[in-house]
Amino acid sequence: MAIRRAALRGLLLAVAVLVTGCGGPDSGRPVPTVTLDPLDVTPYASRPCDLLRDDRAGRRHLATPGTLTSSADGPVCRWTPTQPRVPVYTAGVVLGKGLPDVTGRGGDYSFLDRSEIAHYPALHTRDRASGSNARCTTRVGVADDSQVTVTADDNGEAVRSSLDACSEADILATEILGQLLAATG
């Protein structure tokens, strides 16, 4: 019996190490930094619904116009789906805080992982408070002190096991970054 308990403790310890080492805020990797020309997203801080044109929202099966609402990071635009199995999206801008500020708050997230959107560094986060794997925020570092955030959330109709919220957030973040980059070109 003691051998079985010791083996179980060893297995649990190995699982804990794997879970915290995979996508955790203390994974030992350097914080992603912006190496491309920074994007000025200041105008979108108060007008987040301008981050995504209506035609682009329509292609993603989202009702337009989006609705201005608020989040812990400030004003965001919320787009609701026009078809089942499409997540609800919110998008906004965070000024004065870069990706290092996100990794510094790693304890606030149940999930924190690196990504890249249009060659800009990004992080996937899931708020510990939401408790849902069907909700993910992609935080794109567009300047050392600015982020574009996109959240994909189960709309109550999507089959939770089939919704990859981080991939969905990445798709809309890519659409938004494409629009922002086209405007600066």
Gap separating the [atom1] atom of [X] from the [atom2] atom of [Y], nearest 0.5 angstrom:
{"X": "Leu99", "Y": "Tyr120", "atom1": "CG", "atom2": "OH", "answer": "12.5 Å"}
{"X": "Leu62", "Y": "Asp54", "atom1": "CG", "atom2": "CG", "answer": "10.5 Å"}
{"X": "Ser146", "Y": "Asp40", "atom1": "OG", "atom2": "CG", "answer": "7.5 Å"}
{"X": "Ile171", "Y": "Cys166", "atom1": "CD1", "atom2": "SG", "answer": "11.5 Å"}

[X] and [Y]: which non-hydrogen atoms are nearest, and at how many Å?
{"X": "Val88", "Y": "Pro81", "result": "CG2-CD, 3.8 Å"}
{"X": "Gly141", "Y": "Val34", "result": "O-CG2, 3.2 Å"}
{"X": "Cys77", "Y": "Gly66", "result": "SG-CA, 3.5 Å"}
{"X": "Ala63", "Y": "Trp79", "result": "O-CD1, 3.5 Å"}
{"X": "Ala152", "Y": "Ala165", "result": "CB-O, 3.4 Å"}
{"X": "Gly92", "Y": "Pro48", "result": "CA-CB, 4.0 Å"}

Side-chain heavy atoms of [X] within contact of [Y], under 4.5 Å:
{"X": "Pro75", "Y": "Ser70", "value": "no"}
{"X": "Asp73", "Y": "Arg139", "value": "yes"}
{"X": "Thr137", "Y": "His124", "value": "no"}
{"X": "Thr138", "Y": "Thr149", "value": "no"}
{"X": "Asp170", "Y": "Ile117", "value": "yes"}
{"X": "Leu177", "Y": "Val142", "value": "yes"}
{"X": "Lys97", "Y": "Asp145", "value": "no"}
{"X": "Ser71", "Y": "Val76", "value": "yes"}

Report task. Any chance you could lay out the side chain to side chain contact (heavy atoms under 4.5 Å, CB included) test for Gln147 and Val140, step after step, and finish with the verdict? Result -> CA-CA 5 Å; Gln147 308 166 41; Val140 184; over 6 Å; no

Check: [Y] main-chain N/O paired with [X] side-chain donor or acceptor under 3.5 Å:
{"X": "Glu175", "Y": "Leu52", "result": "no"}
{"X": "Thr82", "Y": "His61", "result": "yes"}
{"X": "Glu116", "Y": "Ala122", "result": "no"}

Requested in this report: Only one of Leu51, Leu95, Val148 passes side chain to side chain contact (heavy atoms under 4.5 Å, CB included) with Tyr44; say which it is.
Outcome: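 So, applying the side chain to side chain contact (heavy atoms under 4.5 Å, CB included) to Tyr44 and each of Leu51, Leu95, Val148, only Leu51 qualifies.
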
Query raised in the report: Going only through I, L, V, M, F, W and Y residues with side-chain contacts under 4.5 Å, is there a path from Leu180 to Val94?
Result: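 Not linked; separate clusters.
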
Query raised in the report: Would Tyr89 and Leu68 show up in the same hydrophobic cluster when neighbours are defined by side-chain heavy atoms closer than 4.5 Å?
Result: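 No; tracing contacts between hydrophobic side chains, which count when under 4.5 Å, never links both residues.
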
Query raised in the report: For Arg60 and Glu168, what are the C-alpha separation, side-chain angles and deciding distance, and is it a side chain to side chain contact (heavy atoms under 4.5 Å, CB included)?
Result: CA-CA 10 Å; Arg60 302 287 318 143; Glu168 292 291 336; 3.5 Å; yes

Query raised in the report: What do the steps show when you test Arg135 against Thr151 for side-chain hydrogen bond (donor to acceptor under 3.5 Å, both in side chains), and what is the final call?
Result: CA-CA 7 Å; Arg135 177 185 170 99; Thr151 300; 4.8 Å; no

Query raised in the report: Is atom CG of Asp55 surrounded by more than 12 heavy atoms (other residues, nucleotides or ligands) closer than 6.0 Å?
Result: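 Enclosed.
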
